Amino acid sequence: MNGIPPHSIPTEHGLIVAAVLFVLGVTGVLIRRDILFVLLSLEIMLNASGLAFIVAGARWLQPDGQIMFIFILAVAAAEVSVGLALILWMYSWNRTLDVDCASKMRG
Amino acid sequence: MFEFIWLITAMPFAGFAILALAGSRLSRRGVSVIGAGSVGLSAVVSILTGVNYIFQSPPGGAYTQPLWNWLAVGGFAPVISLYLDALSVVMVVVVAVVSFFILLYSSEHMAREEGVRRFFAYMDLFVGSMLVLVLADNLLLLYLGWEGVGLCSYLLIGFWYEDDDNVRAANKAFIITRIGDTALAIGLLLLFVHLDTLNIQGILAAAAWQWTGGSNLAFWAALLILGGAVGKSAQLPLQTWLPDAMAGPTPVSALIHAATMVTAGVYLIARTHVLFTLAPLVQGLVAFIGAATLLLAAASALTQWDIKRVLAYSTISQIGYMFLALGLGAWSAAIFHFMTHAFFKALLFLGAGVIIAGLGDEHDLHKMGGLRRKLPVTFWTFLIGAASLAALPLVTAGFYSKDLILFTAWTSERGSFWLWAAGLAGAFLTGLYAFRMVFLAFFGEAKSAVAERPGRAIHVPLIVLAVLSLVSGFIQMPAAIAPVTVFSDFMSASLPPVKMVPVSWPLEIILLLAAALVPVAGVIFAWWFFLYRPGLTTAFVGRPAAASIHRFWFIGWGFDVLYNALFVRPFVWAARINRGDFVDLIYRGTAWFSAQLAASLSGTQSGMIRRYALGITLGTIFAVGLVLVL
């Protein structure tokens, strides 16, 4: 194993996939009004950055990228649990999942 | 013995401190004991110092007592130090003694006042400041005392502050004297910049050495000092505050606005006489101001009905005589007249206070009358005071001091016929208005009942001051009467003698006779007009031309009207226009701009999460783009 193994996927391809995924996630956050889909889009963005870490770790043959991905997974899990709780509360408060209605909170 | 001179100023300040800090725990009697007693101790120390000075004069005729360093910044290191020479000995003794007797008088006169503690505290502060003023060895310390007496004058004119008129009079006095004080402060800075010291003797020595006679710097320095003196001593053109200052209690008028503070200007000019000798133009101006003021004020005094305003105009007029003497270079004659004037004018004010209190706050001369029998002690002492003011020959002190000034006005190198004539005309008017007061108040028929008779604490000061008004003149006599020149010999250590043009023997006798007989003529006229034929004046004033002159003199030659039109009204107008204060526009503009910015930016805090996200995204793209491009 010296350097990059043969027949492996080039780093650029992995990064392009990650970038496409990230842009999809951002677009989803910006244009979706349903808060569930916003949360989903956020997950996509997190995974995009996780993919970028993995690709970078593979490029330099370092385990750090995978360690970072585990951290990101933990953050994503925490975020999802808090986010879902908030969504539940929001739905019971306002009977809607429209994210723009959250501006009514005025806080 | 001289090392105790700091006590002279420290005593009144201690009295002030006790009254201000612990006065509420003292009884009314305790307050007046502290108030008058502290000044009494100071008077005792000053008399002892004076006696010691006469019999055991310090080397060089002057004693300096450095107390401590005030501050030291660069080359500027004023020392708090007291300076005692012949001039300050005379000033200190007169100020302390007169102050003590006036405070003794106040202990009875003011006994039933509401604010008696405040009164004595301010009076003590005043006496302390005045003594600092006359003992100061540098101009900065002198200026401190100068401002201190101004402050106390303001506080005491407005003593009955519940009446708006009194407050207005206090403001007027403070603001007008402030004009002079500012000139004095600029003069001090000028002297310091050019002579590099504020020590008075240092300045006088350096000025005499560095400046030539008539030089520009000497001219400006003398003119600015004159400005301060004119404001404080109520001379033309800043004299208008003094008649209104009579709004204060009578002892205040006696002490501050007759005997001591208003003569501070005379002291200042005498103290810095070298500067005036170097600026002959300004010295001529001093003489002219004095002559003009003494005539104008004497004419106004003739028309007042308020006894205190008569005395106020009379004070302005008598200080005019002192300025005349200063302008002639007769420094010691000015101080001599200051001394006799302090005695007889304080006496007259105290007598007037007895009358005013006795008649239930009655100031109007025309409503008095016949008080001769009801207030005998007051009558005799007031008569002595008025005789001394009018300068009745031979027996009164005022005669000797005024005769010296009139004689100098003719014979001094700087004198002239016109200055002498103005002084003589003033002497005639003085006799007239002084005895107009006496005849209206004490003779004729009684018009109101005396409700209150004075006690011993009032009689003692009256009698002592009356004796001083008679005998204090005998220390300096005209050569034609007796060759007594104790006072000018005494003063010669600190003030140079006047340069005389020799006059012939008969002329000297004629001058003496004129100075002696003209006041007598004034008194006879007063008797004729106000006692023998009282109808004459009313008939005379009834004529339209005479009535308008009377009115013009009554309002003090229209100076108030003029200043109102020239300064007060334009200022009030400008203040009204500028009510919004245009300087504030800058600050209000800044506040308005911030508020606008906040209002427009607060629109971005919409609560719309997607917009926030968009903002973050665009910001990131911009930042990353920036990194990529650069």
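These numbers come from a predicted model, not from an experiment. Note on naming: letters A, B, ... go to the chains in the order of the sequence lines (proteins, then strands), and numbering restarts at 1 for each one.
Heavy atoms closer than 4.5 Å to chain A are found in both the backbone and the side chain of B:Leu614. For A:Val29, the parts lying near chain B are the backbone and the side chain together; criterion is any non-hydrogen pair under 4.5 Å.
Crowding of B:Arg28 atom CZ: a count of heavy atoms from other residues, nucleotides or ligands under 6.0 Å exceeding 12. Within a 6.0 Å sphere centred on CD of A:Gln66, heavy atoms belonging to other residues, nucleotides or ligands number 12 at most. The 12-atom threshold is exceeded at CZ of B:Arg178, counting heavy atoms of other residues, nucleotides or ligands nearer than 6.0 Å. The neighbour count for B:Gln596 CD, taken as heavy atoms of other residues, nucleotides or ligands under 6.0 Å away, is above 12. Atom CZ of B:Phe192 has more than 12 heavy atoms from other residues, nucleotides or ligands within 6.0 Å.
Between A:Arg33 and B:Arg610 the shortest side-chain heavy-atom distance falls below 4.5 Å.
Atom CD1 of residue A:Ile35 and atom CD1 of residue B:Ile609 lie 6.0 Å apart, to the nearest 0.5 angstrom. Distance CD1/B:Ile616 to CG/A:Leu30: 9.5 Å, rounded to 0.5 Å.
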